[in-house]
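These notes concern the structure reproduced below.
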2 protein chains.
Amino acid sequence: MLWILPAERPAMPAPPANSPGIRERETAPKNGAERRRAGRPAAAVLDLAGITAAALRLISENGYDGLTMAALARSLHVAPSALYNHVESKRDVLLLVEDHLTALVDVTAFAAEPWESAVRKWAWSYRDVFAEHTPLIPVIAVLPVTDAPRTLAMYETVSAGFRAAGFPEERIVSAIVALESFIFGSAYDVTAPADIFDSGSMAESTPSFTGAVRSLAAQGHGKPADVAFSLGLEALIGGFGALRE
Amino acid sequence: MLWILPAERPAMPAPPANSPGIRERETAPKNGAERRRAGRPAAAVLDLAGITAAALRLISENGYDGLTMAALARSLHVAPSALYNHVESKRDVLLLVEDHLTALVDVTAFAAEPWESAVRKWAWSYRDVFAEHTPLIPVIAVLPVTDAPRTLAMYETVSAGFRAAGFPEERIVSAIVALESFIFGSAYDVTAPADIFDSGSMAESTPSFTGAVRSLAAQGHGKPADVAFSLGLEALIGGFGALRE
DNA sequence: CCACTAAATGAATGCCGTTCATTTACGAGA
DNA sequence: TCTCGTAAATGAACGGCATTCATTTAGTGG
């Protein structure tokens with residue numbers, strides 16, 4: 001199981017490869033790649049914050065295909081099995097990343113703006129964050145909130161905003177879930193190739209759809225994914241707004 | 001040793017190739033599981049329809065974890081490499097499955113019912129089909145329609161329905177995309193565990209959210225995923241309906 | 001009749017996540 | 001101060017995965 005992050009433990013950032021002076025290595029391998037010998041090191045090399053940061057760096061460099069336990073270990077100058085002293089499985093690493101990313105979602109508007117614009121800002125921010133991290137979506141979808149304290153914190157802020165806006169209590173969760181579902185699906189949509197709707201050789205047998213695609217392209221303000229997201233989001237905001245008392 | 005080969009071998013693990021049993025085969029080749037010798041068989045063993053059917057059977061029995069190229073080959077009584085004469089990669093297998101499933105989505109209402117109820121039926125059907133197949137969603141999201149003729153056919157029917165209902169042409173694709181995004185996200189939601197919103201020990205620090213969860217549970221009509229889907233879908237239908245001319 | 005291609009086998013590849021025995025260091029209790 | 005339990009590292013596995021390749025065999029067009 002994933003251990004909840006301790007409040008930023010002193011963190012001892014990666015100890016400089018060779019601590020100055022105190023003890024010189026006898027066989028001092030002066031080349032950059034000093035090999036650590038087996039056994040517990042004097043100062044811990046790994047912690048959850050470091051693992052999370054390294055995972056995020058790998059993902060930004062090579063995408064989620066680049067995030068393997070071996071690559072993660074290599075980037076931390078550690079044997080792969082060492083990771084398992086801090087994490088139970090690769091899924092735990094994904095959870096760490098997810099927790100980090102959720103904290104990037106902007107919920108500040110709920111404290112300062114009317115409900116409609118607060119929801120709008122939150123939703124766009126949420127979509128933008130996870131459009132870059134769609135492989136996490138299947139993980140989030142099945143993730144009990146207990147395991148994700150920062151996600152839970154986001155829900156608290158959002159649901160408080162809904163409540164303050166006069167939303168009937170028994171519909172708050174459903175409305176948030178519906179919005180989230182739309183956001184996750186739309187995040188995938190952002191990653192779709194530009195020509196996804198090119199019906200190619202079948203254009204003649206699909207006149208209605210092909211015409212609609214061409215008409216959208218002709219209008220063509222903004223990326224199609226953004227236009228669709230805006231259209232759906234405004235419909236949801238409008239529909240949900242009517243539920244307020 | 002008693003050695004009975006199951007005629008159709010349901011889920012029984014195959015005997016290891018190096019077991020002594022293999023030697024006995026020479027003296028007893030008469031039972032059902034005849035081993036095919038190398039080289040092209042007189043009649044082709046594999047085709048795309050058979051591969052698709054076998055993949056669907058594996059998925060229904062063991063989920064998507066059970067769908068491996070090795071398992072697929074085994075269920076078709078074929079060596080794994082034989083599959084690659086018909087399919088370029090495992091992704092192709094998933095595409096075959098996706099194409100098959102899309103044909104199961106019910107679009108008939110667009111021919112017979114008013115726009116609102118047609119969209120409603122289509123959306124529920126679409127969600128239900130893919131709720132059982134969420135691992136396909138990342139594949140669909142990036143899939144050019146050219147590669148999925150039946151998906152394209154579905155789009156044609158749906159867009160024709162929107163057009164006939166008076167939808168402005170340049171918004172048809174965006175509306176469908178928005179609905180689809182909501183549907184895919186909601187399909188994930190169906191698979192979530194029942195206690196996903198149990199905030200556990202953090203309940204006291206999240207009063208608004210915890211209260212909303214409890215209130216939903218108290219009302220408790222139908223599954224939460226269905227309630228949220230209905231709420232969002234009706235909002236989208238209402239909002240989009242206003243666009244009609 | 002022969003060359004070519006299609007469709008099978010079977011062996012091998014490299015990568016993946018994960019496990020396990022082992023080594024070493026730290027810290028608490030006797 | 002010794003000692004013992006626990007934490008954190010190494011390094012060598014393991015089985016499973018998708019995929020590739022050489023090989024064998026059967027049908028087909030020229």
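Remember, predicted model here, so these are calculated numbers, not experimental data. Residue numbering restarts at 1 for every chain, and letters A, B, ... go by the order of the sequence lines.
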Crowded around A:Lys121 NZ? As in, over 12 foreign heavy atoms under 6.0 Å? no
Side chains of A:Glu98 and A:Val139: does their closest heavy-atom pair fall under 4.5 Å? no
A:His86 side chain N/O closer than 4.0 Å to the phosphate oxygens (OP1, OP2) of D:dA7? no
Nearest-Å distance, CG (A:Asp47) to P (D:dA7)? 16 Å
Might you confirm whether atom CD of A:Glu61 has over 12 heavy atoms from other residues, nucleotides or ligands at distances under 6.0 Å? yes
For B:Leu83 and C:dT9, give me the distance from atom CG to atom C1', rounded to whole Å. 12 Å
Can you tell me if B:Thr191 and B:Thr134 form a side-chain donor-acceptor pair at under 3.5 Å? no
Strictly under 3.5 Å: I want the nitrogen or oxygen pairs between protein and nucleotides 15-20 of chain D, one per line.
residue: D:dA18; atom: OP1; partner: B:Met69; partner atom: N; Å: 3.4
residue: D:dA18; atom: OP1; partner: B:Lys90; partner atom: NZ; Å: 3.0
residue: D:dA18; atom: OP2; partner: B:Met69; partner atom: N; Å: 2.8
residue: D:dT19; atom: OP2; partner: B:Tyr84; partner atom: OH; Å: 2.9
residue: D:dT19; atom: OP2; partner: B:Lys90; partner atom: N; Å: 2.7
residue: D:dT19; atom: O5'; partner: B:Tyr84; partner atom: OH; Å: 3.4

Between A:Asp226 and A:Arg127, does any side-chain N to carboxylate O distance fall below 4.0 Å? yes
Whole-Å distance separating the CG atom of B:Leu76 from the P atom of C:dA7: 15 Å
Please state whether the base of D:dA7 and the side chain of A:Asn85 form at least one donor-acceptor pair under 3.5 Å? no
Residues 173-182 of chain B, side-chain donor-acceptor partners within the protein, below 3.5 Å, at least two apart:
residue: B:Glu180; atom: OE1; partner: B:Tyr155; partner atom: OH; Å: 3.0
residue: B:Glu180; atom: OE2; partner: B:Tyr126; partner atom: OH; Å: 2.6
residue: B:Glu180; atom: OE2; partner: B:Tyr155; partner atom: OH; Å: 2.5
residue: B:Ser181; atom: OG; partner: B:Val177; partner atom: O; Å: 3.0

Can you see if the side chain of B:Arg36 gets near the phosphate of C:dT9 - specifically, an N or O under 4.0 Å from OP1 or OP2? yes
